[in-house]
Amino acid sequence: MTSGASAGSDGPVLPLVASVVPLVPAWRVDRDFDYLVREDLAVVPGSLVRIRFGNRRVRGIVRSVARRRPERDLDEVGALVLPEPLLEPPQDKIFDFLAERYVVPRGRAFDRAVPPRVRVSKPVVTQVPGRIPEARLLPSFDGGPALVSALRERTGGTWCVQALSGPDHAELIVEMAAQARGQVLVAVPEVRYGSHVLDALSSRWKYVARVDASRSDAERARAWLALAARHQIGAGGRSAVLAPAPELGLLIVDDEHDPTFKEDRSPRYDARRIAEARAATQGAVCVLVSPTPSVEFAGRALSGEINWVAPARSDERARRPITEVVAPSSDRVVTHELHGRVRDALRAEKRVGLLVPRRGFARAVWCAQCRRSLRCSRCEAGMTYDRERRRVRCPRCALTGPPPDVCPSCGAGDFRYLGAGSERLADQIASAFPRARVVRVDPDVLARAEPESLRLEDADIYLTTWIGTKETLRPPVDLVGVLGIDHLIRRPDWRAAERAYQALAEMSEWAGPEGRLVIQSDDPRHHSVQAVVRGDYRFFAERELVHRRELAYPPFSELVKIRARGPQAKATIDGCVARCRDAGATVLGPIAVPEPGGEHADAPLEVLAKCNDATVVARALREVAATTSGTTRLQFDVDPR
DNA sequence: ACATTATAAATA
DNA sequence: ATTTATAATGTG
C-alpha cells in the first residue's frame with residue numbers, strides 16, 4: 001500500500017497522496033478528496049489536517065495515505081493540526097456507520113471525532129495497568145462468569161446486563177472496567193447533578209479521561225487526546241461512545257434504558273447502537289447495563305441474539321420494598337390507604353417521598369374491560385380525548401372522530417378517560433398533613449435554586465415530580481407514595497408501558513428493601529405495576545414483548561421517522577416513501593404535524609417507516625437527501641426515542 | 001439598464 | 001460551510 005515504485009523499478013518515486021474527509025456538513029461534498037503530502041509531514045491514516053477547500057481552509061480527517069500517481073492536479077495538505085493521529089483505523093468505520101445509519105453527510109459525522117478547540121496539547125497521563133482483581137459481584141449473576149471471561153480475554157460480543165438496584169451498582173461498573181483488557185470507555189446518562197458511577201471510577205483510577213459536558217472544553221479536549229494516545233480509561237455522557245480508543249477492549253453503556261442516549265440534534269444517533277457497532281468493528285466487548293433494561297435490548301437478549309446476564313431471582317426479590325397497590329380515589333389525591341401509611345410514617349418520625357404526576361399530559365381513552373387504550377385506525381398511535389368537544393383525536397395524524405360506542409378489541413362499551421388537572425396537588429397535601437414540613441421540588445424550584453440549598457434533610461414530606469427523583473438529588477426516605485401512574489401507563493406512545501415500569505422500578509429502589517412503596521393505580525393487574533410488586537424484571541419484559549410483537553414495534557422492527565417541510569414537501573416525502581417501500585419498509589403516513597404557532601397549511605409532513613433493518617432504508621434515503629434542493633428541508637430520525 | 005437579492009453549483 | 005456564478009426581482 002505504501003511501497004509504490006521505489007524498490008528495483010526504474011521510474012521516479014511516486015508522490016504521497018492522502019484521501020481526506022473534509023469536515024464540512026454538506027451533501028455535495030459527501031466523499032473523500034485527495035491531497036498531496038509533503039515528505040516532511042507525518043501524515044498517517046487518522047491524522048487531523050488542515051486543507052484548502054474551495055477558497056477557504058478547513059479541517060479534515062485522513063482516511064488513507066498511499067504512493068500513487070494522482071489522476072489530476074492536487075493541492076497539498078496544509079498542516080497537521082495534531083502531531084498524533086486522532087482516528088486510527090478501523091475507528092473511521094464507526095463514523096461511516098454513523099453517517100450511513102443516521103443519514104448525515106460524512107463531514108458532519110466525522111466532525112464528531114474531533115475534540116473541542118484543539119489548541120490544548122498537554123502531555124498525556126498514561127497509567128500502568130495493575131493486577132486484575134478477582135470479580136466479586138458479577139460471578140453471582142446468571143451469565144456473569146461468561147461475561148468475566150469475555151472481558152478478561154476480550155472475546156467481543158454484546159452483553160445486556162440486568163443490574164441489581166441499589167448501592168452496588170457503581171461498584172459493578174467499576175468491577176467490569178477493572179476486568180477488561182485494553183482501553184475502556186464508559187457512557188453514563190447526562191450528568192446534571194453528578195453521577196455515582198463517575199465518582200466511583202474516579203476513586204479507582206488516578207486519572208479518568210472525562211469527556212462529559214460538565215467539564216470545561218479544555219479538559220474535555222485533553223481527555224479526548226489522552227484517549228487517542230491510549231490512556232486506559234475514559235468516561236462521559238452519550239458522546240463517550242465516539243471518543244477515540246484505538247485499543248478499545250470494553251465499551252459500557254450504563255443505565256442503558258435512559259432516553260438521553262438518543263442524540264436530539266443531527267446526527268441523531270442512538271449511542272447504544274453506536275456502542276454495539278463500534279465494539280464489533282474493534283473486536284471489543286459491548287456491555288449495556290441497566291436495572292431496567294430497554295425492551296429492545298432485553299428482547300434481543302432473551303431470544304439469544306445477544307448475551308444476557310441477570311441476577312438470581314432471589315437476589316432481585318430481596319431488593320424489593322413492601323409494595324402495595326391501591327385504587328385511586330375519585331375525590332381526593334391521597335387515598336385513605338396512602339394517607340394512613342403517611343400518617344403512620346410521620347408518627348414514627350420517618351420520612352416520606354411523594355411523587356406527583358407531571359402537570360400537563362395527554363388525555364387517553366381506554367377500555368375498562370380489556371384495558372387497552374384506543375388506537376388510531378390509520379397509524380396505530382394512541383388516541384387522545386378532547387373533553388370540550390367530546391371527540392377523540394390522533395396526535396400523530398390528526399384523524400378526529402366521535403368516541404366509539406364499543407371497544408374495537410373486545411366489544412365492551414365502558415370507556416374511561418384519563419387526564420384530570422393536577423395543579424393543586426401540593427396545596428392539598430400540605431393541608432392533609434398540616435404539621436408536617438413539606439419540601440417541594442419541581443423543575444421551577446430547581447431552576448431557581450442550587451440543589452444543595454434546598455435543605456432536603458429538614459423535610460418530613462419530600463414532594464416532587466419525576467425530576468426530583470434523580471438518585472443524586474433525592475433524600476433517603478422510608479415510605480414512597482406514587483400518587484398517579486396511570487397517566488404514564490396510558491400515554492399515547494408505544495413505549496408508555498416501558499416508561500411507566502422504569503419509573504415505578506426507580507421508586508421501588510428509592511424506597512429500598514427496608515422501606516415501603518404505595519402505588520395508586522386503577523389497573524393493579526397491568527404488567528408495569530405487577531412486575532414492580534413482584535420485583536421481577538423478566539415478568540415485565542416477557543409480557544411487554546408480546547405487545548411489541550403484535551404491533552411490530554422494536555425489537556420486532558426498526559423505525560425511521562422522516563419529516564419534510566418547505567415548498568416541495570409533498571413531492572419530497574412521496575419520494576422518500578417510495579424509496580422506503582422499495583427497501584422493504586412498511587410506511588405509515590404521510591400526515592401533517594401541526595407546529596405550535598405555525599400555519600396549518602405549511603405544517604411539516606411526517607411518515608414513520610417500520611422495517612427489518614433501518615440501515616438499508618437509510619442507504620436509500622441518503623440518495624434522496626443528496627438530491628433535495630435547498631429550500632425543502634428533510635429531517636431523518638432513525639431509531640427515534 | 002443596472003443594482004439588489006434569492007438560488008444553485010462547486011469545492012482536490 | 002463558504003464562496004461564486006446565475007437567475008430573479010426591484011429601482012430610477
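All chains are named by letter (A, B, ...) in the order of the sequence lines, taking the proteins before the strands, and each is independently numbered beginning at 1.
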Residues that A:Phe95 engages under ring pair (Phe, Tyr, Trp, His ring centres under 6.0 Å), provided they are two or more places apart: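 By the ring pair (Phe, Tyr, Trp, His ring centres under 6.0 Å) rule, A:Phe95 matches A:Phe110.
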Chain A footprint on DNA chain C, 5' to 3' - any atom under 4.0 Å from a heavy atom: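 Listed 5' to 3', the contact boundaries are C:dA1 to C:dT4.
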A:Glu498 and A:Ser294: side chain donor to acceptor below 3.5 Å: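 No, no side-chain donor-acceptor contact under 3.5 Å.
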Protein-to-nucleotide contact annotation, 5' to 3' order, nucleotides 7-12 of chain B [B base; S sugar-phosphate only; - none; under 4.0 Å, heavy atom]: --SBBB
Ring-ring centroid check A:Phe33 A:Phe53, cutoff 6.0 Å: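 For A:Phe33 and A:Phe53, the ring centres are under 6.0 Å apart.
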Among A:Arg68, A:Arg69, A:Arg63, A:Arg72, the one residue meeting salt bridge (Lys or Arg N to Asp or Glu O under 4.0 Å) with A:Asp34: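 Exactly one pass, corresponding to A:Arg68.
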Main-chain N/O of A:Leu551 paired to A:Trp494 side chain as donor or acceptor, under 3.5 Å: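 Here the side-chain-to-backbone pair does not exist.
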Spatial distance of atom CZ (A:Arg238) from atom CD (A:Glu190) [nearest 0.5 Å]: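 One gets 7.0 Å once the value is rounded to the nearest 0.5 Å.
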Pair A:Asp75 + A:Arg52: basic N to acidic O under 4.0 Å: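 Yes.
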